Amino acid sequence: MSRKYAALQRKVVRLAGDWKDPHDQDSWASRDIVQNIEVKEDGEVTITVKPNRPHCPCCLLDLDAFKLKLCQIKGVTFATINVVGVPASDRWNRTLNR
């Protein structure tokens with residue numbers, strides 16, 4: 001594993017772990033929101049999340065803001081957010097990954 005790739009992995013994990021829930025300012029790491037993080041050598045990132053409030057529109061907007069911030073990390077070439085554990089998660093995924 002290259003040092004550049006390892007650094008990219010750390011940056012992505014740190015961003016996801018430190019990201020604050022919009023309702024109470026607890027970090028995603030303390031809320032078990034992030035279910036999986038996959039970072040490929042070419043910079044493609046896939047993150048699976050399970051929001052705490054499955055019917056909350058501000059959680060969807062927060063995920064969109066998170067994805068924008070994720071794409072600003074140097075080395076990230078493409079990002080996909082997979083939402084699980086909410087009704088109509090396919091609609092959330094379609095909106096976030098448009």
Side-chain angles (χ1 to χ4, degrees):
M1 176 176 1
S2 73
R3 289 171 49 179
K4 201 174 185 179
Y5 175 62
L8 176 60
Q9 284 181 313
R10 282 193 304 275
K11 288 177 191 174
V12 169
V13 169
R14 190 175 310 119
L15 176 66
D18 292 345
W19 196 262
K20 304 291 184 200
D21 186 281
H23 298 282
D24 55 21
Q25 295 302 303
D26 286 342
S27 70
W28 278 7
S30 68
R31 301 294 224 126
D32 291 328
I33 290 174
V34 178
Q35 304 294 302
N36 187 47
I37 297 176
E38 182 182 348
V39 181
K40 294 185 178 171
E41 291 268 359
D42 64 359
E44 185 176 329
V45 177
T46 303
I47 298 182
T48 303
V49 295
K50 183 178 179 185
N52 285 332
R53 292 170 175 81
H55 300 288
C56 179
C58 76
C59 287
L60 182 60
L61 294 173
D62 186 58
L63 285 170
D64 196 47
F66 171 76
K67 184 178 177 190
L68 287 174
K69 191 74 169 174
L70 181 64
C71 289
Q72 292 173 355
I73 293 176
K74 185 179 178 185
V76 173
T77 57
F78 189 77
T80 303
I81 306 290
N82 290 323
V83 180
V84 296
V86 299
S89 61
D90 57 318
R91 293 172 67 195
W92 284 55
N93 292 328
R94 213 173 23 253
T95 299
L96 289 168
N97 299 309
R98 64 195 177 283

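As the structure is a prediction and not an experimental result, all values here were calculated from the model.
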- Query: Yes or no on side chain to side chain contact (heavy atoms under 4.5 Å, CB included) for Ile47 and Thr80, after CA distance, side-chain angles and deciding distance?
  - Reply: CA-CA 6 Å; Ile47 298 182; Thr80 303; over 6 Å; no
- Query: Which value, rounded to the nearest 0.5 Å, describes the distance between Asp21 atom CG and Cys56 atom SG?
  - Reply: 8.5 Å
- Task: State, to 0.1 Å, how close Pro51 and Leu63 come at their nearest heavy-atom pair, and which atoms those are.
- Result: CG-CD1, 4.2 Å
- Task: Of all the heavy-atom pairs spanning Leu96 and Lys67, show the shortest one and how long it is.
- Result: O-NZ, 3.0 Å
- Message: Within this structure, what is the NZ-CG distance for the pair Lys20 and Asp62, rounded to the nearest 0.5 Å?
- Response: 12.0 Å
- Message: Any side-chain to backbone donor/acceptor pair from Thr95 onto Arg91? Under 3.5 Å, distance only.
- Response: yes
- Query: What is the ring orientation for Trp28 with Phe66, classed by angle as parallel under 30°, tilted 30 to 60°, or perpendicular over 60°?
  - Reply: tilted
- Query: Do Arg98 and Asp64 meet the salt-bridge criterion of a basic N to acidic O distance under 4.0 Å?
  - Reply: yes
- Item | Heavy-atom closest contact (Ile81 atom, Leu70 atom, distance) | CD1-CD2, 4.4 Å
- Query: Is the backbone N or O of Val39 less than 3.5 Å from a side-chain atom of Tyr5, with the two atoms forming a donor-acceptor pair by type?
  - Reply: yes
- Heavy-atom donor-acceptor pair, Glu44 side chain to Glu41 backbone, under 3.5 Å: no
- Query: Does some side-chain heavy atom of Leu15 sit less than 4.5 Å from a side-chain heavy atom of Lys69?
  - Reply: yes
- Step by step, work out the side chain to side chain contact (heavy atoms under 4.5 Å, CB included) result for Gln35 and Val84. CA-CA 9 Å; Gln35 304 294 302; Val84 296; 4.2 Å; yes
- Pairwise distance CH2(Trp19) to CZ(Arg14) - rounded to 0.5 angstrom: 15.0 Å
- Message: Nearest 0.5 Å, please: how far is OG in Ser30 from CG in Asp18?
- Response: 10.0 Å
- Between Gly17 and Ser27 the two heavy atoms that sit nearest each other are O-CB, 3.3 Å
- Chi angles and distances behind the side chain to side chain contact (heavy atoms under 4.5 Å, CB included) call for Thr48, Val34: CA-CA 6 Å; Thr48 303; Val34 178; over 6 Å; no
- Closest non-hydrogen atom pair between Trp92 and Arg53, with its separation: CH2-O, 4.4 Å
- Message: Show the nearest heavy-atom pair for residues Ser89 and Val83, with the distance to one decimal.
- Response: CB-O, 3.3 Å
